[in-house]
Amino acid sequence: MTVTEYLKQHTAEYHDAAEQLFNSAKIFNKTFTLEDYKKIISTNYVMLLHAEANIFSSLHDNFSEKLQLNARKKLALIEKDMADLALNNRTAFHALEFANENEALGAMYVIEGSTLGGNVIAKQLSKTDGFDNITFNFFGCYHENTGPMWKDFKEVLDTEVSEENYNEVLAGAKKLYTFLLNVN
């Protein structure tokens, strides 16, 4: 089993909880509202604000090129969404730190996975009433490269992370999911 298969299997309940928190089912039956969208953007903003720099600084230089880290920065994009939606920047009530590089990779798995899902969300919402004037900076960040960026990310993780480190990577993913689910 690869580390990404392991993560998918062992974070399914967190993923489902996040979908429930954000009323994701409403996206596909076209009852998702602008207020729902503001909640998902605001919560993801707080997560990225506390996670992105911590993740990137926890990774050794060899990952910078392999993972194309500069192309994966999303904080500025979601800040633009926050401004477009006239939302106030917020901070969380608890700190978020990663013990090591493996935990950081696990947290990055959650963010990159949300980017994959975000692309689907952006496509769906662009066909939903009330979203005509919304620019999906964060959710559409990779545009047509979303699939290849996810594939490349998974490939690096599956190649670079050895089985004895799977639990540390999982700990980082759970840490970020727990943080996200507790932003209020």
Side-chain angles (χ1 to χ4, degrees), residues 4-5 7-52 55 67-90 92 96 105-155 157 172-184:
T4 55
E5 291 167 340
L7 288 168
K8 184 175 183 173
Q9 185 177 34
H10 289 86
T11 61
E13 66 190 78
Y14 292 89
H15 180 269
D16 294 348
E19 285 195 340
Q20 203 168 9
L21 175 70
F22 296 128
N23 297 312
S24 297
K26 291 170 63 177
I27 293 168
F28 299 98
N29 65 24
K30 299 194 188 261
T31 59
F32 200 75
T33 66
L34 193 55
E35 288 308 307
D36 292 325
Y37 180 68
K38 286 179 179 181
K39 177 183 179 182
I40 202 171
I41 289 298
S42 182
T43 305
N44 275 283
Y45 164 75
V46 173
M47 180 210 37
L48 283 173
L49 179 68
H50 289 78
E52 191 172 82
I55 291 168
L67 290 174
Q68 306 159 307
L69 290 185
N70 286 333
R72 294 184 188 274
K73 291 181 179 173
K74 298 173 187 72
L75 184 59
L77 297 170
I78 203 162
E79 284 173 341
K80 188 162 178 8
D81 287 334
M82 293 282 290
D84 289 350
L85 295 167
L87 295 171
N88 295 325
N89 292 358
R90 306 169 29 215
L96 180 62
L105 289 170
M108 195 169 175
Y109 169 86
V110 175
I111 293 173
E112 289 302 309
S114 75
T115 302
L116 189 65
N119 192 48
V120 174
I121 291 169
K123 283 181 182 169
Q124 202 62 35
L125 291 181
S126 65
K127 301 179 227 167
T128 303
D129 289 340
F131 290 89
D132 306 336
N133 298 323
I134 300 295
T135 303
F136 299 99
N137 297 295
F138 171 60
F139 281 142
C141 67
Y142 296 153
H143 307 286
E144 68 281 350
N145 294 322
T146 302
M149 290 290 280
W150 174 246
K151 186 175 171 268
D152 291 348
F153 176 75
K154 281 179 40 176
E155 203 171 281
L157 250 63
K174 286 181 174 182
K175 192 178 281 190
L176 191 60
Y177 266 125
T178 300
F179 182 90
L180 180 69
L181 293 168
N182 289 292
V183 170
N184 45 17

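Not measured: the values here are computed from a predicted model.
- Between L48 and I78, the closest heavy-atom pair is CD1-CG2, 3.8 Å.
- Taking CD1 of I134 as the start and CG of L34 as the end, the distance is 5.0 Å to the nearest 0.5 Å.
- When all heavy atoms are compared, the tightest approach of R72 to E112 is NH1-OE1, 2.6 Å.
- To the nearest 0.5 angstrom, L96 atom CG is 7.0 Å from K175 atom NZ.
- The nearest pair of heavy atoms linking D81 to F136 is OD1-C, 4.2 Å.
- Taking 4.5 Å as the limit, some side-chain heavy atom of I111 sits within range of a side-chain heavy atom of M47.
- Across A173 and L7, no two heavy atoms sit closer than the pair CB-CD2, 4.1 Å.
- Heavy atoms of other residues, nucleotides or ligands lying less than 6.0 angstrom from NE2 of H10 number more than 12.
- Within the 4.5 Å cutoff, side-chain heavy atoms of L69 are placed close to those of M108.
- Within the 4.5 Å cutoff, no side-chain heavy atoms of I40 are placed close to those of L21.
- By the 30° and 60° cut-offs, the orientation of the rings of F139 relative to Y37 is tilted.
- Listed here is the closest heavy atom pair of T146 and T115: CG2-O, 4.1 Å.
- Residues L67 and L105 have side chains in contact (heavy-atom distance under 4.5 Å, counting atoms from C-beta outward).
- Aromatic ring orientation, W150 versus Y109: tilted (interplanar angle from 30° to 60°).
- The shortest distance between side-chain heavy atoms of Y14 and V110 does not fall below 4.5 Å.
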Apply the test side chain to side chain contact (heavy atoms under 4.5 Å, CB included) to residues F138 and Y45: give CA-CA distance (whole Å), side-chain angles for both, the deciding distance (0.1 Å), then the verdict.
-> CA-CA 9 Å; F138 171 60; Y45 164 75; over 6 Å; no
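- Note: L176 CG to T11 OG1 = 11.0 Å, rounded to the nearest 0.5 Å.
- For D129, the CG atom counts as loosely surrounded, since its 6.0 Å shell holds 12 or fewer non-hydrogen atoms of other residues, nucleotides or ligands.
- Between N119 and Y142, the closest side-chain pair of non-hydrogen atoms is not below 4.5 Å.
- A distance of 14.0 Å separates OG1 of T128 from NZ of K123, quoted to the nearest 0.5 Å.
- For the residue pair T135/N137, the side-chain donor-acceptor check at 3.5 Å is not satisfied.
- Taking all atoms of both residues into account, the shortest heavy-atom contact from F22 to K39 is CE2-O, 4.2 Å.
- The CD atom of Q124 sits 10.0 Å away from the CD1 atom of I121 when rounded to the nearest 0.5 Å.
- Within 6.0 Å of NZ in K151 there are 12 or fewer heavy atoms belonging to other residues, nucleotides or ligands.
- For the atom pair OG (S42) and CG (N88), the distance works out to 9.0 Å, reported to the nearest 0.5 Å.
- A salt bridge is absent between K74 and E52; no separation between the charged side-chain nitrogens and carboxylate oxygens falls under 4.0 Å.
- Looking at E5 and K8, no side-chain N of the basic residue comes within less than 4.0 Å of a carboxylate O on the acidic one, giving no salt bridge.
- Residue K26 places its NZ atom among more than 12 non-hydrogen atoms of other residues, nucleotides or ligands, all under 6.0 Å distant.
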